[in-house]
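Sequential numbering from 1 along the given sequence is applied to the chain's residues.
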Amino acid sequence: MKPSPVRALVPTLALAVCLGCGNAEIEPFLGKWNGGFVAEEAAGASKRDNLTGYLQVYRTQDRFELFLQGEQQSVTAKGTWSAEKSRITLTVLDLKVDDGGGEQGRDLSKRFIPADDLKAAYTGKLALDLGPDKLRLKGLKTNVGGLVGVHEFQKVTHKYTY
């Protein structure tokens with residue numbers, strides 16, 4: 001007797017459902033988040049001191065990519081992440097800073113954070129807390145190149161119309 005195609009499909013569906021078990025805790029973190037480092041204006045900073053970009057959190061090998069840029073420099077950090085309850089911790093394994101040629105190549109009329117300060121700020125771990133709406137991530141107060149501020153990201157949600 002030949003097995004029915006539906007009967008052969010049942011174990012595959014059961015496996016797919018089981019693989020999804022336990023992922024409800026990490027699912028809100030996955031995807032693309034826009035935002036960056038927001039410097040506190042109360043500490044003498046301005047919007048020009050902010051670093052803007054994105055955070056992409058992948059399920060594949062629990063990896064992430066963080067890209068931030070200022071007026072004259074950018075930072076690309078890659079690594080792994082872990083989540084516990086409503087907090088994601090990014091562990092940077094690869095860091096690249098593009099400072100546009102360093103001090104000699106910079107424009108004095110634009111904001112500039114030295115490459116060493118960016119490397120110090122983005123080496124190691126970065127913790128971000130998930131907001132109650134599950135659409136915002138916010139870090140603890142931190143120092144980036146002498147600027148005090150927080151990392152804030154908003155989830156990119158796509159609404160398709162057909």
Practice task
Test T142 against V150 for side-chain contact (heavy atoms from CB on, under 4.5 Å), laying out the working first.
Solution key: CA-CA 6 Å; T142 189; V150 295; over 6 Å; no
Handout entry: Atom of N50, atom of A39 and distance for their closest heavy-atom approach
Key = OD1-N, 2.8 Å
Fill in the blank from the handout: Looking only at heavy atoms, the pair that brings V97 and A115 closest together is CG1-CB, 3.8 Å
Problem - Evaluation steps, side-chain contact (heavy atoms from CB on, under 4.5 Å), between R48 and E71 - result: CA-CA 7 Å; R48 292 180 60 198; E71 290 187 343; 2.9 Å; yes
Handout entry: Contact check, side chains of D98 and Q69, non-hydrogen atoms, under 4.5 Å
Key = no
Exercise for the section: Only counting residues at least two apart or in another chain, list the ones meeting side chain to side chain contact (heavy atoms under 4.5 Å, CB included) with K85. Expected result: none
Handout entry: Non-hydrogen side-chain atoms of F37 and T52 separated by less than 4.5 Å
Key = no
Practice task
Output the distance between atom CG (L147) and atom OG (S46), rounded to the nearest 0.5 Å.
Solution key: 9.0 Å
Practice task
Show which residues join Y54 in its hydrophobic cluster (side-chain heavy-atom contacts under 4.5 Å, direct or indirect), or state none.
Solution key: F67
Handout entry: Contact summary for A83 and I26, nearest pair of heavy atoms
Key = CB-CG2, 4.0 Å
Practice task
Output yes when K96 and D94 qualify as a salt bridge under the 4.0 Å nitrogen-oxygen rule, no when they do not.
Solution key: yes
Problem - Exercise: identify the closest heavy-atom pair between A121 and N143 - result: CB-O, 3.9 Å
Handout entry: Close side-chain approach of D117 and F112, heavy atoms under 4.5 Å
Key = no
Problem - Side chain to side chain, I88 and V57, heavy atoms closer than 4.5 Å - result: yes
Practice task
Kindly write out the residues that satisfy side chain to side chain contact (heavy atoms under 4.5 Å, CB included) with T60, not counting sequence neighbours, or none if the list is empty.
Solution key: R63
Problem - Exercise: identify the closest heavy-atom pair between G35 and L68 - result: O-CD2, 4.2 Å
Problem - Approximate separation, where rounding is to 0.5 Å, of R59 CZ and F64 CZ - result: 15.5 Å
Exercise for the section: Return the set of residues passing ring pair (Phe, Tyr, Trp, His ring centres under 6.0 Å) with Y122 (not counting sequence neighbours), or none when no residue passes. Expected result: H151
Report all side-chain donor-acceptor pairs from residues 123-137 shorter than 3.5 Å, counting only partners two or more places apart or in another chain.
residue	atom	partner	partner atom	Å
T123	OG1	K119	O	2.5
D129	OD1	R87	NE	2.7
D129	OD1	R87	NH2	3.2
D129	OD2	R87	NH2	3.1
D133	OD1	L135	N	3.0
R136	NH1	Q154	OE1	2.9

Practice task
Under the side chain to side chain contact (heavy atoms under 4.5 Å, CB included) rule, collect the residues that match up with E27, sequence neighbours excluded.
Solution key: none
Problem - Side-chain donor/acceptor of K155 to backbone N/O of L30, under 3.5 Å - result: yes
Handout entry: L118 side chain near V144 side chain, heavy-atom distance below 4.5 Å
Key = yes
Handout entry: Pair K138 + E152: basic N to acidic O under 4.0 Å
Key = yes
Handout entry: Separation between OG of S82 and CZ of F29, rounded to the nearest 0.5 Å
Key = 9.5 Å
Handout entry: E65 side chain to L55 backbone, donor-acceptor under 3.5 Å
Key = no
Handout entry: Heavy-atom check, side chain of T76 versus side chain of K78, under 4.5 Å
Key = yes
Problem - Heavy-atom check, side chain of Q73 versus side chain of I113, under 4.5 Å - result: yes
